[in-house]
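A short worksheet on the structure shown next.
Just so it is clear: chains get the letters A, B, ... in the order the sequence lines come, proteins before strands, and each one is counted from 1. Small disclaimer: the values here were computed from a predicted structure and weren't measured.
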Amino acid sequence: MTDTKKTRLVVIGNGMAGMRTLEELLKLAPDMYDITVFGAEPHGNYNRILLSPVLAGEMTIKDIMLNDVDWYAQNGITLHLNKTVTQIDRVRRKVIADDGTEAGYDRLLLATGSNPFMLPVPGKDLPGVISYRDIRDTDEMIEAASRYHHAVVIGGGLLGLEAANGLRLRGMDVTVVHLMPWLMERQLDRTAAGLLQQSLEAKGLRFKLEKQTAELVAGESGRVCAIRLKPALSGVEGDGETLPADLVVMAVGIHPNTGLAEAAGLHCDRGVAVNDTMQTYDPRIYAVGECVSHRGTSYGLVAPLFEQARVCANHLAQLGISRYTGSVTSTKLKVTGIDLFSAGDFTGGAGTEEIVLSDPSVGVYKKLVVKGDKIVGSVLYGDTADGSWYFQLLRDGQNIHELRDRLMSGQSHLGNSGHHGQNNAASMPDDMEVCGCNGVCKGTIVKAIKEKGLFTLNDVRKHTKASASCGSCTGLVEQILASTIGGAYQPVDVSRKPLCGCTDYTHEEVRKAIVERRLKSIPEAMGFFEWRNVNGCASCRPALNYYLLCAWPHDYRDDPQSRFINERAHANIQKDGTYSVIPRIYGGVTTPAQLRRIADVAEKYDIREVRCTGGQRINMLGVKKEDLPKVWADLDMPSGFAYGKSIRTVKTCVGSEWCRFGVQDSTSMGIALEKELDRMWAPHKVKLAVSGCPRNCAEATIKDVGIVGVDSGWEIYVAGNGGIKAEVSLFLVKVKSAEEVMEYASAFIQLYREEARYLDRTVHWVQRVGMDYVKARIVEDAAGRRVLYERLKDALRDEKDPWQERVRGVAAREFEPIRFQPEIGSEIS
Amino acid sequence: MSEWMRICPLEEIPRLGSRVVQTGKGDIAVFRSGTDEVFALRDQCPHKGGPLSQGIVSDRKVTCPLHGLTVQLDSGEAVAPDKGCTHRYRARVDKGEVYLNLS
Ligand SMILES: Cc1cc2nc3c(=O)[nH]c(=O)nc-3n(C[C@H](O)[C@H](O)[C@H](O)COP(=O)(O)OP(=O)(O)OC[C@H]3O[C@@H](n4cnc5c(N)ncnc54)[C@H](O)[C@@H]3O)c2cc1C
Ligand code: HEM
Ligand code: SF4
Ligand code: FES
């Protein structure tokens with residue numbers, strides 16, 4: 001078992017933070033360490049936060065195991081359960097457990113969590129007085145509920161209320177004693193707490209607010225039988241009130257479990273002090289989880305611990321490229337039927353404004369605290385559909401100036417298609433479909449989250465395929481995650497999003513290095529950043545291919561094997577494996593000769609369906625892959641790029657040439673734009689439209705770039721979108737001439753090509769960088785605008801039409817199957 | 001040895017790419033890895049039958065073009081957490097020629 005050559009890693013604490021670190025480490029460096037784990041509890045690693053649903057009778061202990069004992073064996077980890085480490089010998093570099101077991105280390109990881117705080121009142125050690133932290137406490141509560149009647153929970157915070165709710169559901173008569181004037185005072189303001197208290201009272205709980213415990217009283221059996229409260233502060237009532245209590249649960253706070261670290265001489269300030277790489281003052285010793293203090297803060301929710309685990313694993317694997325810089329947390333109460341969300345600083349104060357929506361009759365209360373142009377806090381009660389969205393805006397410090405007037409109505413009301421307009425996951429029945437693309441219903445998602453221990457959107461996508469395709473149901477899936485695992489759910493940090501699972505570097509970092517280090521091929525880029533997986537994956541290869549193409553339009557050799565099939569075959573694959581062919585029809589203006597050719601081709605190749613597209617062109621569906629080059633040859637029309645992350649169409653209306661309202665020649669403008677941008681690759685698809693007057697028949701205001709003719713010139717709009725989530729475009733500038741339209745529109749598109757992340761539509765990118773930035777670059781900086789325009793023209797100057805190239809024989813094998821006759825045993829075609 | 005059948009020269013399959021072989025047993029996808037190993041799978045994704053031959057190949061894996069399931073080339077098994085398996089055939093390279101064995 002002990003391979004002397006391997007570095008030895010010992011982990012103290014078999015809980016959520018420690019084991020998450022090991023999981024991350026095993027992903028990065030599966031064979032680097034000889035690992036030993038000590039756990040004081042007699043169980044494998046379980047999902048502590050789901051103890052509440054276990055207590056409430058909604059789940060069992062078996063459901064909440066994250067890593068069972070087999071997992072350790074499968075990964076070659078030595079596991080010491082039921083052993084508490086009592087000493088760290090830093091000189092001899094070994095740890096010693098209460099039963100005498102010793103283990104030597106080269107690296108040590110402390111993940112000892114925290115201890116519940118027990119009020120120092122008389123009677124605190126009586127039988128029947130417990131905390132709420134682990135499986136043993138939970139079992140004891142379940143047992144007590146079956147034998148006794150009266151329970152008192154001390155502490156009206158998150159933990160206390162979940163305990164009280166569980167005990168009530170198990171039939172006990174429960175009173176919550178709370179020191180402060182309202183419940184969950186650290187997460188809620190007074191109004192929201194009042195609503196919460198009402199709903200909990202409706203479930204049968206009782207509350208004693210602004211009350212302090214004086215003493216716990218023993219009964220005849222020696223078990224606790226009552227709790228005596230201190231007299232009210234005014235003191236007139238004489239003796240305090242006494243409540244019957246066969247079970248007392250103390251949920252008044254936790255403190256980091258640092259005893260072991262302190263005894264070993266490691267510096268602690270409240271928690272074990274660590275730096276941004278999760279190292280303690282002894283560089284061989286790392287620490288993660290609730291036991292640490294990072295920049296003076298200790299956390300009591302799992303989301304920050306997972307971030308710490310990721311950073312720590314990165315350093316243990318000796319990659320040394322990430323830092324933990326602290327977390328913003330959010331809270332959600334996991335009491336079935338109660339919808340509550342809070343994040344950030346919601347108390348208001350100097351320099352802040354509050355936006356409040358309150359409708360007590362339907363039990364809805366929403367408050368956003370805004371400072372300058374940023375959200376700094378939010379409390380939602382009753383309708384938490386937009387919690388994740390607000391939290392994301394808060395965490396990313398996004399400028400909300402342009403969103404402000406619709407903030408309160410929420411993101412889910414901004415026009416989402418694809419799931420019957422449902423935007424409140426809590427009210428959906430289990431068998432209702434959430435993801436229309438992949439046919440996944442709510443129950444399946446909840447089950448996967450619980451049984452497989454999923455914590456992130458990506459986990460859910462991988463396991464269920466929900467929201468893995470078009471993404472329109474992402475908001476719903478996030479809500480389901482949030483309500484199933486509570487505050488443990490953390491939306492991805494969009495400002496530091498790694499390109500994919502093969503690397504920790506962001507899109508921006510990779511793009512920058514491609515330019516600055518003059519990286520000119522995919523293997524070079526992967527080598528430079530030490531990509532984790534050989535050849536990368538289906539997410540990063542197309543992105544890298546695009547980034548290289550954009551940076552080096554003339555030097556880079558496009559890699560067809562790093563393109564999705566549609567872009568490799570220059571046609572859209574259909575669900576039966578056939579392809580569709582959509583030729584370019586500039587500005588939507590065609591001729592009888594073109595139409596005749598299309599008709600002839602459709603008959604000659606037995607094309608099953610011919611239809612008009614939404615972008616003013618004609619689609620021929622059901623073409624066999626091997627026929628594609630012949631179809632293109634007979635059509636003799638340019639590729640419409642309807643299959644690519646590329647320029648799609650420029651939609652036009654008839655405009656001033658014919659229309660009695662028209663004030664500008666939108667058709668000519670559209671054709672000119674489409675010719676200029678022809679054959680352009682981009683981070684995602686790019687659609688334009690030009691209307692000849694503000695009646696806007698070409699629907700220009702839901703396009704990536706929309707041009708609207710007015711009497712005195714043209715208005716240019718950008719970053720609209722008509723797809724999954726309709727977004728109305730934003731006004732960029734008004735110009736006089738067609739040449740200016742060309743310059744501004746092209747410069748905007750080139751900026752997008754150079755700075756957006758692969759698979760960002762213009763709307764996503766503009767929402768991130770802000771319209772002010774776009775205006776500064778395109779409108780205010782005339783010289784910069786011209787440079788961008790020139791760069792775009794230069795990039796497109798030697799792009800060839802892909803169909804005509806293939807008609808001439810380029811990449812012929814892509815389209816030729818090998819025919820094979822088994823009896824002859826050789827190739828005949 | 002008679003079951004081994006010559007398909008095409010290795011260079012007619014692109015690196016990190018594939019060719020489709022039409023046989024009496026249906027379409028078979030023959031893949032070539034970055035290190036010039038060859039693998040053959042039935043050209044049908046275990047999810048909804050998508051053509052695996054059209055996917056993106058990396059290392060010894062291919063990602064289905066339709067919904068992104070990833071299949072292990074050397075076993076035909078879906079990569080966890082996905083489940084499913086597609087039929088694998090034997091394939092090898094000899095003196096620059098690719099051979100396939102359908103038995
Ligand atoms: C009932 C309940 C509900 C919760 N709900 C939520 C929620 O909704 N959202 C949320 O984000 N968070 C929630 N939390 C908090 C969350 O569970 C913790 O933040 C998280 O588990 C802390 O992880 P950790 O690894 O730091 O500590 P732990 O998970 O506590 O793990 C520490 C482990 O180390 C062991 N240990 C300690 N000292 C030693 C030693 N000397 N030798 C060997 N082993 C030792 C302990 O026995 C323990 O098993 C909840 C907690 C509880 C108790
Ligand atoms: C007398 C001075 C020092 C002593 C005795 C000392 C001791 C150590 C020891 C014992 C280790 C662990 C080595 C291992 O596990 O292989 C270490 C690691 C390290 N030390 Fe020092 N050190 C000293 C000075 C410094 C200084 C001045 C710096 C930085 C300015 C530094 C930065 C580090 C770093 C970054 C690590 C790597 C930790 C890791 O990744 O595990 N040390 N040091
Ligand atoms: S947008 Fe104006 S010019 Fe164009 S067709 Fe409509 S009404 Fe006519
Ligand atoms: S058919 Fe392959 S992933 Fe769906």
Margin query: For a side-chain contact (heavy atoms from CB on, under 4.5 Å) check, start with the C-alpha distance between Arg19(B) and Arg813(A), then their side-chain angles and the critical distance, and finish with the verdict.
Written below: CA-CA 8 Å; Arg19(B) 292 290 296 279; Arg813(A) 288 195 192 103; 3.2 Å; yes
Checklist line | Working for side-chain contact (heavy atoms from CB on, under 4.5 Å), residues Glu12(B) and Ile818(A) | finding: CA-CA 10 Å; Glu12(B) 291 190 5; Ile818(A) 299 171; 5.9 Å; no
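Minimum interatomic distance between Ser58(B) and Cys537(A) (heavy atoms only, all atoms of both residues): OG-CA, 3.8 Å. Looking at every heavy atom in both residues, Leu66(B) comes nearest to Lys575(A) through CD1-O, 4.1 Å.
Between the side chain of Asn535(A) and the main chain of Asp59(B), a donor-acceptor pair closer than 3.5 Å is present. Judged by distance alone, the side chain of Arg563(A) and the main-chain N or O of Ile56(B) form no donor-acceptor pair under 3.5 Å.
Annotation: Glu37(B), atom CD; neighbour count of heavy atoms from other residues, nucleotides and ligands within 6.0 Å is above 12. Crowding of Lys83(B) atom NZ: a count of heavy atoms from other residues, nucleotides or ligands under 6.0 Å not exceeding 12.
Ranked by heavy-atom pairs shorter than 4.5 Å toward chain B, the options Glu814(A), His463(A), Glu816(A) are led by His463(A).
Using a 4.5 Å cut-off between heavy atoms, Arg60(B) makes no contact with chain A at all. Of the two parts of Ser562(A), only the backbone, made up of N, CA, C and O, holds a non-hydrogen atom closer than 4.5 Å to a non-hydrogen atom of chain B. With a threshold of 4.5 angstrom between heavy atoms, Pro560(A) does not approach chain B through any atom at all.
Under the 4.5 Å side-chain criterion, counting only non-hydrogen atoms from C-beta, Leu16(B) is in contact with Arg541(A).
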